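To start, the structure under review is shown below, and the notes come after it.
Residue numbers start from 1 in every chain, and the chains themselves are labelled A, B, ... in the order their sequence lines are given, proteins ahead of strands. Remember, predicted model here, so these are calculated numbers, not experimental data.
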Amino acid sequence: MITLIIDGKYVEVPEGATVLEAAREADIYIPTLCDDPRLEPFGACRLCLVQIKGMPRPVTACTTPAREGMEVTTTNDEIERIRRTIVELLLSDHPNDCMVCEKAGDCTLQELAYFYGLRENRFWGERRQYSKKDNNPFIERDMEKCVLCGKCVRVCEEVQGVSAIDFAYRGFRTIVAPAFEKDLNCEFCGQCVSVCPTGALVGKLSLGKGRQKDIKRVDTICPYCGCGCNITLHVSRNEIIRVTSSPDTLNEGWLCVKGRFGFKFVNHPDRLKRPLIRKNGRFEEVCWDEALDYVAERLKEIKERYGPDAIAGLSSARCTNEENYLFQKFMRAAVGTNNVDHCARY
Amino acid sequence: MKGKDIQIKVCMGTGGLAAGGETVLRAFRESLKEKGIDATVDRNCSIHQVGCRGFCARDVLVDVIIDGEKTTYQYIKPEMVPQIVEEHIIKGMPVEEWTVKDDYRQFHEKQVKVVLADCGEIDPEEIDSYIDRGGYEALRRALTEMTPEQIVNTIEASGLRGRGGAGFPTGLKWEYARKNPSEVKYIICNADEGDPGAFMDRSIIEGNPHSVIEGMIIGAYAIGAKKGYVYIRAEYPLAVKRLGIALEQARQRGFLGDDILGSGFSFDIKIKLGAGAFVCGEETALIASIEGKRGMPRAKPPFPVEKGLWGKPTVINNVETLANVPYIIRNGALWFAQYGTDKSKGTKVFALTGKVRNTGLIEVPMGITLREIIYEIGGGIEGDRRLKAVQTGGPSGGCIPAHLIDIPVDYENLTKVGSIVGSGGMVVMDETDCMVNIAKYFLEFTQAESCGKCVPCRIGTKRLLEILTRITEGRGRPGDIELLEVLSNDIKLGSLCGLGQTAPNPVLSTIKYFRDEYEAHIHEKRCPAGVCKNLLTYTILEEFCKGCTLCAKVCPAGAIVGERKQPHRIVQEICIKCGACFETCKFSAIKKG
Ligand SMILES: Cc1cc2nc3c(=O)[nH]c(=O)nc-3n(C[C@H](O)[C@H](O)[C@H](O)COP(=O)(O)O)c2cc1C
């Protein structure tokens, strides 16, 4: 363990921890835009600059390893002045259309502007303007709102191993883009959306579906597979408009395309809510008792006439382990066949 | 007796080639063959291509050396060659008219050539010509007589500091790497040279690639690296070609490869071509680029000597730094340390450009004054105008005003006045240069070359440039100077790498020394140097105008009106400020300002 002093407070952290991690450990707030504890440090936004005794210039807390006896100052006039300049610079190249932005109320840039009370801006000038729309089905990419924190690029490479996007061009024209600036064509896990601190990346399914303040959050488990990822349903006007996952869960906040974007079926008019039995060539809604009786009877008939091996059972990864256990037990013990399988049994 | 006693050396550096060096060389070959020289003068005559000798403005430069007596010709064209052969080589009478004059000697007088000692003397594509002048002697000594530790100590004792910009002590860097227990280490030669107007490293590689290679092998042995890279921009095709040839020849002679000179030490060098991004000269970006990633710097620590290429300890040195190494090992640390100042030893190569009479590549001892460089080596200001400032260190440097040109040129003193030695660009400016415009020029470069990673550099330099642009266009506002200062300081402190940390230097130094020029632009809407177009007005002075109508004829906008033999007048609303009338008027009747 290493002991260092942050703003006069003694903090103990394990070897290898960064100054930013140490500050968090001590509940000392340092603003950042590009840091995510789950990703490699990047040092791009420069908001986490701190002064360390003995160093000639401020350094970024996110990239600086904590050392024994280090004396860190996380805030002073100079540091706050630079941070303020950084936020102003970002806002000088931002649409600042919070009134219509999906992310309003959950946007780090907005929070920073609020924190620094930036109603006016000393800087103004050219703003990046991109008219091209990305026509992919899931992710709305508004690169005018991008602060180039690089989280999307890093999560795509480091966590997902896909590298569908990267930085392109130089200087003020730098942009995050898929290869050759084509439409995004990846596995659409949406991890990039989940880490974006601004409204640059949002799910297309939730566009215009409700402001952050109107949302009711419901924690649950993803029903798609046995992994059991923790998810949070964002519900507005009794409709699921978005799915997120918190970083402090079993799955560390990571989801796949199904868990993150596959929720439209919930409110879909075609969704099956009750059993159907085909009668006279047409499906008719029936109650569960009738449906179960019908199935039991038909299974019994087939078994008597053709033997148990004429029946096979296919279960689903969307069932729990317990349900799958019961299902195979039913097939083996009640039906009397080993013809049982499951879509996730590779 | 036939001997090697007539030598003809033709400059085939980039400057020499551009001026037609190749055709001159061919003309010599043909002319000598035609005249049957060997038979005629009964002597052995050889022709060599050599690298840059600095005074590129005088190319093609040709040396004719007869029995050790050297005559240098300037501005040589192929059609002049037969006469030189006839009169000088056959009859022994130099063609005086074409030889270099006093100013050429003056250009070289104050220079001290260490790194460039063999540049312009040897054939860069012929390893023997380097070996003949003592080349690879240092390597032999290093590998057979010295331990790695002794080498590091020698370099440390010499006081050699990095020539790539930051001036970090080379011996110390090598010592860190040497002490690192890692099995795998790398040495990289930084030949990215991205500063606009800089051509020192390129000229060294083009003129004497073996000195860099030899320096690298010695460095590799000292730190324990088995593999080296030269990161060189693809825009330097001649340097890349000559480096490739040199590497191959070095391999054939056993200076590279397994068990070098029977010492048991093995090492080889690979060339890695860069795509010409300025930021890729920054060491961590350079490493990323070699690894096949986008060239973006990362935060230090860890430094490359701890965690560099592929995560292994890596020494990165500049071309000129490495080219110094063989000479230090060959002649000793003390010999090297005799040149320079207390903390800045040795010599430094500069690319001298701008408004001086003699532009070109120069090598001077550290501690020489700017005055000596400008007025003695450079021959003074063109047209005897007044010196205004010297910009050193390229886009990361600053402008040093005329009243400070007696300071010694070394790392400490240039930093003290707000500039840097940097990689060695030196642009001389006179009273016709607008300092706001100069700052804008450098910001245009750094702004476009920012990698885009960190906010202060990406957006900050853009905003700096926009403010400078509006000032030069007459749209400056009160408070803009202060805004430039505040923003510049925040960019310097807030940026991730050296690019952003130094990009505001041209702005800050020009404000510091030429604030009145900024004020004139903003408050009086006037460009004192008469450079910023939007702030100029051309007017005709009635008392001088003879009504010759010449100005009206050349005016592309039809903005000049007047009767023949009557004073003319410029209609300001139509004038596009091209200056054509000003240049044309024979009676100095047009006023610019
Ligand atoms: C933006 C930027 C560009 C640089 N470009 C070069 C370059 O072109 N050549 C070079 O040798 N060093 C360059 N450097 C300096 C290198 O990062 C590094 O300090 C140097 O190569 C170390 O070698 P030295 O110790 O021999 O000087 C650059 C630095 C920065 C920040």
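Both the backbone and the side chain of A:Phe42 come within contact range of chain B, with heavy atoms under 4.5 Å apart. For A:Glu88, no part lies under 4.5 angstrom from a heavy atom of chain B. Contacts of B:Val279 with chain A are absent, with no heavy-atom separation under 4.5 Å from either backbone or side chain. For A:Val147, the part lying under 4.5 angstrom from a heavy atom of chain B is the backbone only. In this structure, chain A has heavy atoms under 4.5 Å from both the backbone and the side chain of B:Gln447. Of the atoms belonging to A:Ser92, heavy atoms from both backbone and side chain fall under 4.5 Å from chain B.
In this structure, B:Arg458 contributes its side chain and A:Gly171 its backbone to no donor-acceptor pair below 3.5 Å. A donor-acceptor pair under 3.5 Å is absent between the side-chain atoms of A:Arg57 and the main chain of B:Gln501, judged by distance alone. Between the side chain of A:Arg173 and the backbone N or O of B:Ala448, no donor-acceptor pair lies under 3.5 Å.
A:Glu144 CD: more than 12 foreign heavy atoms inside a 6.0 Å radius. Within a 6.0 Å sphere centred on CZ of A:Phe167, other residues, nucleotides and ligands contribute more than 12 heavy atoms. Taking a 6.0 Å sphere around CD of A:Gln129, one finds it holds more than 12 heavy atoms contributed by other residues, nucleotides or ligands. Heavy atoms of other residues, nucleotides or ligands lying less than 6.0 angstrom from NZ of B:Lys343 number 12 at most. Few gaps surround NZ on A:Lys132; more than 12 heavy atoms of other groups in view lie less than 6.0 Å from it. Within a 6.0 Å sphere centred on OH of A:Tyr10, other residues, nucleotides and ligands contribute 12 heavy atoms or fewer. At most 12 non-hydrogen atoms from other residues, nucleotides or ligands lie less than 6.0 angstrom from CD of A:Glu15.
Contact tally against chain A (heavy-atom pairs below 4.5 Å) for B:Pro302, B:Cys457, B:Cys454: the top residue is B:Cys454. Chain B forms the most heavy-atom pairs under 4.5 Å with one residue out of A:Ile175, A:Leu33, A:Asp93, and that residue is A:Asp93.
The two residues B:Gly452 and A:Leu148 make their nearest non-hydrogen contact at O-CD1, 4.2 Å. Nearest heavy atom pair, residue A:Arg46 against residue B:Ser495, reads NH2-O, 3.2 Å. Of all non-hydrogen atoms in B:Arg294 and A:Tyr169, the two that sit nearest each other are NH2-O, 2.6 Å. Here the closest heavy-atom approach between residue B:Leu493 and residue A:Pro58 is recorded as CD2-CD, 3.7 Å. Between A:Thr63 and B:Ala299 the shortest heavy-atom distance is OG1-CB, 3.5 Å. Contact record, B:Lys453 with A:Ala44: O-CB, 3.3 Å, taken as the closest heavy-atom pair.
Judged as a salt bridge (charged side-chain N to carboxylate O under 4.0 Å, His left out), the pairs with a partner in residues 482-497 of chain B (not counting sequence neighbours) are, in order, A:Arg81-B:Asp490, B:Glu482-B:Arg515, B:Glu485-B:Arg515.
Every residue was checked against the side-chain contact (heavy atoms from CB on, under 4.5 Å) condition with A:Tyr114, not counting sequence neighbours, and none meets it.
In this structure the side chain of B:Cys451 never reaches within 4.5 angstrom of the side chain of A:Thr174, judged on heavy atoms. A 4.5 Å side-chain heavy-atom check between B:Arg463 and A:Phe172 finds at least one atom pair inside the cut-off.
Taking CD of B:Glu449 as the reference point, atom CZ of A:Arg170 lies at 4.5 Å (rounded to 0.5 Å).
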Q: Assess whether side chain to side chain contact (heavy atoms under 4.5 Å, CB included) is satisfied between B:Ile459 and A:Leu90, documenting all intermediate values.
A: CA-CA 7 Å; B:Ile459 311 179; A:Leu90 283 169; 4.0 Å; yes

Q: Before giving the answer on side chain to side chain contact (heavy atoms under 4.5 Å, CB included), spell out for B:Leu487 and A:Leu89 the whole-Å C-alpha distance, their side-chain angles and the decisive distance to 0.1 Å.
A: CA-CA 10 Å; B:Leu487 180 55; A:Leu89 286 172; 4.1 Å; yes

